[in-house]
Amino acid sequence: MVEVVNVVASGSLGIDLDLEAVAKEARDIANFNPNKYPGMYLRFEEDAPLITVYRTGKFIITGSDSEEESYSLRERFLNLFSDMDVIEEPEDEWFSIQNYVCTAELRQNLNLTALSIGLGLEKIEYEPEQFPGLIYRPEGADGVVLLFATGKVIITGCQTLEAAEDIFADLTETVSELL
DNA sequence: TATTAGTTCACTTATATACATGACGACT
DNA sequence: AGTCGTCATGTATATAAGTGAACTAATA
C-alpha cells in the first residue's frame with residue numbers, strides 16, 4: 001500500500017503582483033524576504049502546507065498529503081486573494097499537481113547489494129557510504145524509487161498517484177521474483 | 001580581445017527514508 | 001570525568017518557481 005506524504009502543486013494567477021504590498025496586507029500569514037528568496041511565503045496555520053507566491057503570479061503549494069488537500073488550499077488561497085482584491089475573481093489560469101512523494105513497505109529486510117544486481121546496475125545508484133538508500137529508476141516510468149535495508153520504500157517524482165502505485169506494484173513483483 | 005548574449009546552476013520549500021557525526025544535557 | 005540518550009545536521013530523491021552568479025559562446 002502506497003501512502004502519500006507530500007504533494008507539490010503549482011499554478012498561475014495570470015497577473016503580476018506587488019508582493020511587498022500583499023505581504024504587508026496579509027502580514028499575519030505572510031513571510032517575505034526578497035533578499036533571501038524572491039518568493040513570498042504564505043501559511044494559513046502552523047504546520048499547514050506552504051504556499052510560495054511569485055512576482056509573476058505563479059505559485060507553488062508544498063506539504064499537502066493528498067491531492068484533495070492541495071486543491072482545497074488552492075481554493076482558500078484564491079478566495080483570500082479575491083477578498084483582498086489582489087485578483088478580481090477567485091480563479092487561476094492553471095493549476096496542476098507536479099510531484100507526489102509516497103512511502104511504502106515491502107515488509108521484508110532487503111540485501112541492497114544483491115538487489116542492485118537484480119534490478120539492473122544501469123538503473124540503480126547505491127553508495128551506502130554516501131547515502132544508505134538504493135536509488136532505483138525504473139525503465140519507462142517517470143518516478144524514482146529509494147529502497148532501504150529495512151524494506152521501507154520512497155517513491156517520488158510521479159505526477160499521479162496511479163503512476164506511483166504502478167511503480168510499487170511492479171517493484172513488489174520484481175523483488176518477490178528476485179528473493 | 002572585449003563586450004554582450006545565452007545557458008546553467010545553486011538557492012528555497014515540503015516530505016518520507018537511514019546512517020554518520022558532533023553537540024549537549026543528565027546521570028553516575 | 002566518563003557514559004549515555006537525545007537532538008541537530010549533512011548525505012540523496014523529485015518538483016515547481018525567480019534571482020543572481022558563474023560559465024560558455026558568439027560577434028564586433
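Just so we're on the same page: letters track the sequence lines, and every chain starts at 1.
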- Does any pair with a residue in residues 156-179 of chain A pass salt bridge (Lys or Arg N to Asp or Glu O under 4.0 Å), and if so which ones, sequence neighbours excluded? none

- Message: Classify A/T52 by what it touches in the nucleic acid, base, sugar-phosphate, or nothing, heavy-atom distance under 4.0 Å.
- Response: nothing

- Cluster partners of A/W94, using ILVMFWY side-chain heavy atoms under 4.5 angstrom, listed by chain and number? none

- Query: If you draw a 6.0 Å radius around CD in A/Q108, do more than 12 non-hydrogen atoms from other residues or ligands fall strictly inside?
  - Reply: yes

- Query: Does A/V5 offer a backbone N or O that forms a donor-acceptor pair with the side chain of A/D65 under 3.5 Å?
  - Reply: no

- Strand contacts (DNA chain B) in residues 122-149 of chain A, 4.0 angstrom heavy-atom criterion: A/F131, A/P132, A/F148

- Query: For A/Y126, what residues pass the side chain to side chain donor-acceptor pair (under 3.5 Å) criterion, not counting sequence neighbours?
  - Reply: none

- Task: May I ask you to say what A/V8 touches in the nucleic acid, namely base, sugar-phosphate or nothing, with a heavy-atom cut-off under 4.0 Å?
- Result: base

- Message: Pick the closest DNA chain B nucleotide for A/T156 and for A/G151 by heavy atoms, then say which residue is nearer the 5' end.
- Response: A/T156

- Kindly write out the residues that satisfy side-chain contact (heavy atoms from CB on, under 4.5 Å) with A/I29, not counting sequence neighbours, or none if the list is empty. A/A26, A/L42, A/F44, A/L80

- Task: Measure up the A/Y54 and A/Y37 rings against each other and bin them: parallel (under 30°), tilted (30 to 60°), perpendicular (over 60°).
- Result: perpendicular

- Message: According to side chain to side chain donor-acceptor pair (under 3.5 Å), who are the partners of A/D92, at least two apart in sequence or on a separate chain?
- Response: A/R74

Output a table of nitrogen or oxygen pairs between the protein and nucleotides 9-12 of chain B separated by less than 3.5 Å.
unit_1: B/dT12; atom_1: O3'; unit_2: A/Y41; atom_2: OH; d: 3.4
unit_1: B/dT12; atom_1: O2; unit_2: A/Y37; atom_2: OH; d: 3.1

- Task: Take atom CD of A/E122 as the centre, draw a 6.0 Å sphere, and report whether it contains more than 12 heavy atoms from other residues, nucleotides or ligands.
- Result: yes

- Expressed in angstrom and rounded to an integer, what is the separation of A/I154 atom CD1 from C/dT15 atom P? 16 Å

- Message: Could you report the tightest heavy-atom contact between A/L112 and A/P132, atom names first, then the distance?
- Response: CD1-O, 3.5 Å

- Task: Rounded off to whole Å, could you give me the CG-to-C1' distance for the A/N31 and B/dA14 pair?
- Result: 15 Å

- Could you state the atom-to-atom distance from CG of A/L19 to P of C/dA17 in whole Å? 15 Å

- Message: I want to verify a distance call: between C/dA17, B/dT15, C/dT15, whose nearest atom is closest to the A/N6 side chain?
- Response: B/dT15

- Message: Applying side chain to side chain donor-acceptor pair (under 3.5 Å), can you list everything that pairs with A/E67, at least two apart in sequence or on another chain?
- Response: A/Y100

- Query: Starting at CG of A/L161 and ending at P of C/dT15, how long is that distance when rounded to a whole Å?
  - Reply: 17 Å

- Message: Give the residues of residues 60-93 of chain A touching DNA chain B, defined as any heavy atom closer than 4.0 Å, sorted by residue number.
- Response: A/T62, A/G63

- Task: Please determine if a side-chain N or O atom of A/T56 lies less than 4.0 Å away from the OP1 or OP2 oxygen of C/dG18.
- Result: yes

- Message: From the set C/dT19, B/dT15, B/dA14, return the single nucleotide nearest to any side-chain atom of A/R55.
- Response: C/dT19

- Query: Between atom CG in A/D16 and atom P in C/dA17, what is the gap in whole Å?
  - Reply: 15 Å

- Item | Rounded distance in Å - CG (A/N35) to P (C/dG18) | 18 Å

- Item | Test salt bridge (Lys or Arg N to Asp or Glu O under 4.0 Å) applied to A/R76 - qualifying residues, sequence neighbours left out | A/E45

- Task: Find the distance A/N99:CG to C/dT15:P and express it as a whole number of Å.
- Result: 6 Å

- Starting at atom CG of A/N109, determine the distance to atom P of B/dC19, rounded to an integer number of angstrom. 10 Å

- Message: Under the rule for side chain to side chain donor-acceptor pair (under 3.5 Å), what residues qualify as partners of A/E46, not counting sequence neighbours?
- Response: none

- What is the bend of the helix from B/dT1-C/dA28 to B/dT28-C/dA1 when you compare the axis at one end with the axis at the other, using five pairs each and rounding to 10°? 60°

- Using modelled atom types only, decide if a donor and an acceptor are shared between the side chain of A/N111 and the backbone of A/A114 within a distance under 3.5 Å. yes

